[in-house]
Protein chains: 2
Amino acid sequence: MTGIQEIARETGLSTATVSRALRGLPNVKAETTSAVRRAADRLGYIPSSAASGLATGRSRALGVLVPVINRWFYVNVLEGIDAELRQAGYDLILYSLGGPAGDRERVFHRSILRRRIDALVVLCLVFNPDESEQLQLAEFPTIVVGGPGPGVRHMGIDDRAAGAAATNHLLGLGHTEIAHIGGEDELGLNIAVPLERHNGYVEALNAAGISAREEWTVNGAFSFEGGQRAMRGLLETAGHRPTAVFAASDEMAFGAITAIVEAGLRVPNDLSVIGIDGHQYGAAMRLTTVSQNPYQQGADATRVLLAELDGREHADSFPSAPFELIVRSSTAPPPASKRDATW
Amino acid sequence: MTGIQEIARETGLSTATVSRALRGLPNVKAETTSAVRRAADRLGYIPSSAASGLATGRSRALGVLVPVINRWFYVNVLEGIDAELRQAGYDLILYSLGGPAGDRERVFHRSILRRRIDALVVLCLVFNPDESEQLQLAEFPTIVVGGPGPGVRHMGIDDRAAGAAATNHLLGLGHTEIAHIGGEDELGLNIAVPLERHNGYVEALNAAGISAREEWTVNGAFSFEGGQRAMRGLLETAGHRPTAVFAASDEMAFGAITAIVEAGLRVPNDLSVIGIDGHQYGAAMRLTTVSQNPYQQGADATRVLLAELDGREHADSFPSAPFELIVRSSTAPPPASKRDATW
DNA sequence: GTGAAAGCGCTAACAA
DNA sequence: TTGTTAGCGCTTTCAC
């Protein structure tokens, strides 16, 4: 209830001076500033962001749009964004599409566009034309983290290269029968990432003179359960079984490993498994993976946006974020019997 | 750039009528409403939440305060809150303390109190007196999910009962040598939950005529890695080894299982493990657990808050959220040799 | 170094 | 059903 006015009255100053003092602007006598601060404390003054937002046109808040919250990658990007924002004194407004069930259109129209935010980070989404237009209208700087899309600048790893790196690691070990657990994720979310990783897989195979078998690319929906289900399906395919599996995310890889162990087989003796991400559980699960740093990607994207809000530099594209092959013991050369069979 | 005024000019109406039409208030001719809507669309009108917030005193946003983001429980509560909010047309502002590193005081003073939110959900935090005072000043309805604290109403499971339930399950199987992996979490965050679960453990043991060995309660920091580390420590204690372990969270239980398997032992043949939470991975890991539903808790808390904002009912306390023992195969009677030794 | 006054874009009486 | 008129609490010229 206490506003800048009470403080003005209390200190015998004008609201203008109080406002300046509170924000620590120059051109205010030091004693005045401290008097104002003291009064503010005493009165329990709480600034109104609506009022200052209205007056300045800036909300000091950044939006983050995610398909769903509950995914390793998103959560880690969020942490990175949050850390950067906290330092800058910005608030974080989280918009979730709510997965396939949540209605996407409403989020775009209702929330994001209420001019509550100064900038937007989008995670792994590809927009449809209407959405692009809405975003255009809103006129705040935007950046996509995690999946490239047409018409929006993007920060993240080169997914195709990462997919190829994972596949090449398996090829290098001598595998030729390599399956892929990818994912359409759900309902049009996140389509760029799985696509590119799959492309990398196919290209790496082709480069090795192997053509991808269609029935060996299965959908793991980018979740543990999905990966497990997909792997079960792969194992049930009687007769011909791959010797290695490349999962497009660690969470799916964990699921795959679980399914393999359930089936009485061993990793990597019977089957090698590699993932992408660098999930914390990876070390304990001994998962070989292509690791990336979503925290850093989130922080970097945020720093770019913040710099633009400050009127500093502007970039239209960014170098790919780094990734790194981490070899642990979920991958090994194919079993001897198989090797003989192939040669 | 387009405001309510342009629409007023364009349609030949007053801003008041436009405002009413845009919000779908009654007492506006249907044709007028649709004319306004059309004009708004055509002009690409985007409402300013700052302006309407200033005028109404409501921001239509709810704050969520978390110790860190990256934890199974928090993420799932967030999903529940978000789902409820999306439906109500509210935005979600996420405040993270940023773990032990982030400075807690700043979050409280700077952000939350900027009157940007109409209500607040706090996850698993216990406040110090200064923080309580700040919250009091801010005057919005608040509710804590996940850990009871003095002076704030709270929603969540009865942690003591859950701890006892887990311990009793092990006792019921015949275990008498039961260790506990709990956690201080980090730096004063989240102290109520681990404390109560530990209390439940001790009480259940006592009720069975067993006194808890101090060296068998270890800190797993509520993380996978922490649980793994704690379990390793427990196993290295030469000579006397427990026959069962109760971990205060599934994530720690997964870490413990990993450590046990690493050590060449088997679950549940050599050691039984039980957790608390109901993590998705639990089924695949075959973890017996006391499961709870954080999504529901988040959604319920949000519904309560929203009802209060609407001037409907107000409650000062809530029934405990349900939990349920899910028996899978990480728990079994103690090994025969051990059993003989004890009897 | 400080004050007066005019908004920022919307909502909410009160009239008409 | 619609318009008029004040604000909401802060920032920001422009004077002094």
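Scope of the values below: all heavy atoms of this structure, side chains included, with no hydrogens, waters or symmetry mates. Please read all numbers here as calculations on a predicted model, not as lab measurements. Protein chains get the first letters and strands the later ones, always in sequence-line order, with residue 1 at the start of each.
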What's the closest nucleotide to the [X] side chain, out of [options]?
X	options	answer
V28(B)	dT2(D), dG7(C), dT11(C)	dT2(D)
S52(B)	dG3(C), dG3(D), dT11(C)	dT11(C)
A16(A)	dC8(C), dG1(C), dG3(C)	dG3(C)
N27(A)	dA12(C), dG1(C), dT2(D)	dG1(C)

Test salt bridge (charged side-chain N to carboxylate O under 4.0 Å, His left out) on R106(A) and E131(A) and set out the steps. CA-CA 11 Å; R106(A) 214 158 131 216; E131(A) 293 167 351; over 6 Å; no
Any side-chain N or O of [X] below 4.0 angstrom from OP1/OP2 of [N]?
X	N	value
T56(A)	dT11(D)	no
S19(B)	dT11(C)	yes
S14(A)	dG3(C)	yes
T15(A)	dG9(D)	no
R116(A)	dG9(C)	no

For T17(B) and for A50(B), locate the closest nucleotide of DNA chain C by heavy-atom distance; then report the residue assigned to the nucleotide nearer the 5' terminus. A50(B)
To the nearest angstrom, how far is L54(A) atom CG from dG9(D) atom P? 12 Å
If we ignore hydrogens and angles and just use 3.5 Å, is the side chain of N128(B) paired with the main-chain N or O of D130(B) as donor and acceptor? yes
Please step through salt bridge (charged side-chain N to carboxylate O under 4.0 Å, His left out) for the pair D41(B) and R37(B), ending with a clear verdict. CA-CA 6 Å; D41(B) 269 3; R37(B) 293 252 165 86; over 6 Å; no
Within the 4.0 Å heavy-atom criterion, would you say R20(A) contacts the bases, only the backbone, or no part of the nucleic acid? base
Assign each of L25(A) and L13(B) the nucleotide of DNA chain D bearing its closest heavy atom; nearer the 5' end lies the nucleotide of L13(B)
Of A51(B) and G12(B), whose closest DNA chain D nucleotide lies nearer the 5' terminus? G12(B)
Could you check, using the six-membered ring where one of them is a Trp, whether F108(A) and F127(A) have ring centers closer than 6.0 angstrom? yes
